[in-house]
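Heavy-atom basis, side chains included; hydrogens, waters and symmetry copies ignored.
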Amino acid sequence: MATVSTDLKLSGLTKLLMEEGGLSENDIQIHINEAKQNKIPLITQLVDSKLVNSKAVAVKASIEFGLPVFDLNAIDWRSLPISFVTEQLMRKHHVLPLFVRGKTLFIALSDPTSYQVVEDIKFQSLLRPEIILVEEDKLSKAIEAALEVPDTSMMDLLDEDLENLSVANPDDSVVVDGQAGTDEAPVVRFVNKILLDAIKKGVSDIHMEPYEKNFRIRYRQDGMLYAVASPPSNIATRIISRVKVMSRMDIAERRIPQDGRIKLALSKTRAIDFRVNTCPTLFGEKVVMRILDPTAAQMGIEKLGFEPEQQELFLKAINKPYGLVLVTGPTGSGKTVSLYTGLNILNSIERNISTAEDPVEITVEGINQVNVNVKAGLTFANALRAFLRQDPDVIMVGEIRDLETADIAVKAAQTGHLVLSTLHTNDAPQTLNRLMQMGVAPFNIVSAVNLIMAQRLARRLCEHCKVPVKYPDKVLISAGFREDELASLEIFRAVGCERCTNGYKGRVGIYQVMTLSEKMCQMILEGGNALQLTHLAKAEGINDLRASGLNKVRIGVTSLEEVDRVTKE
């Protein structure tokens, strides 16, 4: 039996074959050099030189590593997801992607100890590679056959390849060619892949975060962040610079935050907007891209998640000729979508609708939209004053931030205009208290406010994999369910399958919709605090966010764990 020199750097499988096959150090060293020269794996070189038998290698690897051997003759080359891995990587490492299941990419390898291949594919495909053992000679033929098939699997979103995506400036008609020099082409392709993948998965935000020793890219999907890639930290600056170029930012300026916008032309008929922001951190610029989906506000009020009585109250409030409608909740709770759903209902040739936003996220034909620009002197208050001189019927203010804006909005609502706006408060009763704290007179609040709506977004359970779950009665009662409903109560939990993300797919709104009753008006005029208003709202039968969330659990739309996450105090 040949002895293996410690100077030779061999994979576990090659080392085993050398020991079992009686190959000398000199033979192995010669073939290592030839493999490097030919730019192919050592196993491929040994099989091509007929020093080892391909089938014997597969059998030996199968026994040693406990992996079944797959016959590549049973594969249809046209169905392979080869777009996830470049031709260069497939040829260099002798690897072939076979199929995708959820976030796992199954790859064909003849040497299961090729750990570098796994890392390279993980970085390039943004999926978790899973090895399937195959015979080396069949793998070589399969790679050649697969590469001869035209690749269209990644082109279902666009008409051109990843390196030729058009990036249009949203402020004019200039189109920037996606191509770059030879050195930058991989970065261009990688950034385009990140953007396209996010669009396909229905992601709301992309985070690019540089740290001292690594660079992390995360997606926010259905309200939750998860990591999708960790590119080498030494190319972080190039990736971020590419995004800044696409966003029309100053790539030389890295000391202050910048805002930009990308309009990605996927085809002649479809384009997606990204709102981009950079922020200087300790180890470089962090980039966050918000994907602006123009169809989000056109999905119809029925799909938002209102309970029937809540929907009726909302529609009644926005169809009044005047008054103030306030939507409250934290950032990312769907306030803008709710407001634009209402505006779309109101959008007709007979109405003059104007909006002031920071920034405009959803563009709608027929609505006059203004981007607030504080540096230029265009504030919410100034925009509101301008609107009132332009014969408005409906006004939407992106956010009431100060007393000046609040006063103008209230006065507009009192003088024959319907005003829609948002505030950052936890629930509906606290909104009334917040307005009083701003300095709005209680009698103005009572006369102007039509409706206050607090909201959150909860993840929907996947209809394909959710399963019933039993909880102890004590747990259900403490969660807020009634004792008399426990016997008939059916609750579902998340499982996870290839059609969803950890058991959830999409989101649904949870709402607290409150109009001002006579008692509530009296309490506001007497200077009642948020706690008193909350108790009164509950006594009057207005569901708080928790109660609305439990209703979604009752009908199997979401899980108890998800309601706990979004409504816990």
Peer 1: How long is the span from the CZ atom in Phe283 to the NZ atom in Lys213, to the nearest 0.5 Å?
Peer 2: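 Phe283 atom CZ to Lys213 atom NZ measures 9.5 Å (nearest 0.5 Å).
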
Peer 1: Please determine whether a side-chain nitrogen of the Lys or Arg among Asp544 and Arg546 lies less than 4.0 Å from a carboxylate oxygen of the Asp or Glu.
Peer 2: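 No, this pair does not count.
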
Peer 1: Ion pair present between Lys552 and Glu562, side-chain N to carboxylate O less than 4.0 angstrom?
Peer 2: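 Salt bridge flag = no for Glu562 with Lys552.
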
Peer 1: So, taking the atom named CD in Gln455 and the one named NZ in Lys335, what distance separates them when rounded to the nearest 0.5 Å?
Peer 2: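 Atom-to-atom, Gln455:CD and Lys335:NZ are 7.5 Å apart.
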
Peer 1: Can you tell me how far apart CG (Asp393) and CG (Leu346) are? Round to the nearest 0.5 Å.
Peer 2: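 These two atoms lie 10.0 Å from each other.
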
Peer 1: Side-chain donor-acceptor pair under 3.5 Å between Asn444 and Gln414, yes or no?
Peer 2: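 Note: Asn444 and Gln414 side chains meet the donor-acceptor criterion.
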
Peer 1: Whether Glu209 and Arg218 form a salt bridge (side-chain N of Lys/Arg under 4.0 Å from carboxylate O of Asp/Glu) is what I want to check.
Peer 2: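 Salt bridge between Arg218 and Glu209, a charged N being under 4.0 Å from a carboxylate O: yes.
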
Peer 1: I want to check something: taking the side chain as every heavy atom from C-beta on, are Leu461 and Tyr504 in contact at a cut-off of under 4.5 Å?
Peer 2: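 Sidechains of Tyr504 and Leu461: in contact.
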
Peer 1: Apply salt bridge (charged side-chain N to carboxylate O under 4.0 Å, His left out) to Glu404 and Arg385, showing your working.
Peer 2: CA-CA 11 Å; Glu404 185 182 16; Arg385 289 193 186 96; 2.4 Å; yes

Peer 1: Please collect all side chain to side chain donor-acceptor pair (under 3.5 Å) contacts where either partner lies in residues 429-440, sequence neighbours excluded, each pair once.
Peer 2: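 Sorted result for residues 429-440: Thr425-Thr431, Asn433-Gln437.
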
Peer 1: For Ala317 and Asn450, which heavy atoms make the closest approach, and how far apart are they?
Peer 2: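 Here Ala317 and Asn450 meet closest at O-ND2, 3.7 Å.
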
Peer 1: So, taking the atom named CG in Leu343 and the one named CG in Leu418, what distance separates them when rounded to the nearest 0.5 Å?
Peer 2: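 CG of Leu418 is found 8.5 Å from CG of Leu343.
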
Peer 1: Is the shortest heavy-atom distance from the side chain of Val394 to the side chain of Asn352 under 4.5 Å?
Peer 2: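 When only atoms from C-beta onward are counted, Asn352 and Val394 do not touch, as no gap falls below 4.5 Å.
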
Peer 1: Test Met289 against every option in Ile206, Asp205, Asn277, Thr278 by the side-chain contact (heavy atoms from CB on, under 4.5 Å) rule and name the one that passes.
Peer 2: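 With Met289 as partner, side-chain contact (heavy atoms from CB on, under 4.5 Å) holds for just one option, Ile206.
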
Peer 1: Are the side chains of Leu560 and Leu550 in touch, meaning some heavy atoms are under 4.5 Å apart?
Peer 2: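 They are in contact (side-chain heavy atoms under 4.5 Å apart), so the answer is yes.
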
Peer 1: Among Asn543, Leu326, Leu432, Leu533, which residue satisfies the side-chain contact (heavy atoms from CB on, under 4.5 Å) criterion with Met514?
Peer 2: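 Only one option passes, and that is Leu432.
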
Peer 1: Any side-chain donor-acceptor pair under 3.5 Å between Asp402 and Thr405?
Peer 2: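 Yes, a side-chain donor-acceptor pair sits under 3.5 Å.
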
Peer 1: With Thr422 as reference, evaluate Thr336, Leu339, Ile400 under the side-chain contact (heavy atoms from CB on, under 4.5 Å) test and give the passing residue.
Peer 2: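 It is Leu339, the one option of Thr336, Leu339, Ile400 that forms the side-chain contact (heavy atoms from CB on, under 4.5 Å) with Thr422.
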
Peer 1: How long is the gap from CD on Glu485 to CD1 on Ile477, to the nearest 0.5 Å?
Peer 2: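 Reported value, rounded in 0.5 Å steps: 9.5 Å.
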
Peer 1: Evaluate the side-chain proximity of Phe387 to Asn368: yes if any heavy-atom separation is below 4.5 Å, no if none is.
Peer 2: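 The answer is no, as the side chains (C-beta and beyond) never meet within the 4.5 Å cut-off.
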
Peer 1: Can Ser354 and Gln390 be counted as having a side-chain donor-acceptor contact under 3.5 angstrom?
Peer 2: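 The criterion, which ignores hydrogens and geometry beyond distance, is not satisfied for Gln390 and Ser354.
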
Peer 1: What are the two closest non-hydrogen atoms of Ile291 and Ala198, and how far apart are they?
Peer 2: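 Heavy atoms only, the tightest pair is CD1-CB, 3.7 Å.
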
Peer 1: Could you tell me how the ring of Phe306 sits relative to the ring of Phe314: parallel (under 30°), tilted (30 to 60°) or perpendicular (over 60°)?
Peer 2: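 Plane angle under 30°, so parallel.
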
Peer 1: Could you check whether any side-chain N or O of Gln258 sits under 3.5 Å from a backbone N or O of Glu253, counting only pairs where one atom can act as donor and the other as acceptor?
Peer 2: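 Yes, Gln258 side chain to Glu253 backbone: donor-acceptor pair under 3.5 Å.
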
Peer 1: Evaluate side chain to side chain donor-acceptor pair (under 3.5 Å) for Ser548 paired with Gln310, printing each intermediate quantity in order.
Peer 2: CA-CA 10 Å; Ser548 294; Gln310 293 176 336; 3.3 Å; yes

Peer 1: Does a donor on one side chain and an acceptor on the other come within less than 3.5 Å for Thr104 and Arg128?
Peer 2: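 The criterion, which ignores hydrogens and geometry beyond distance, is satisfied for Arg128 and Thr104.
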
Peer 1: With side chains defined as the heavy atoms from C-beta onward, is the minimum distance between Arg565 and Arg456 less than 4.5 Å?
Peer 2: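 No, too far: nothing below the 4.5 Å cut-off.
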
Peer 1: How many angstroms lie between CZ in Arg459 and CG in Asp222, if you round to the nearest 0.5 Å?
Peer 2: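 Interatomic distance, Arg459 CZ to Asp222 CG, rounded to 0.5 Å: 7.0 Å.
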
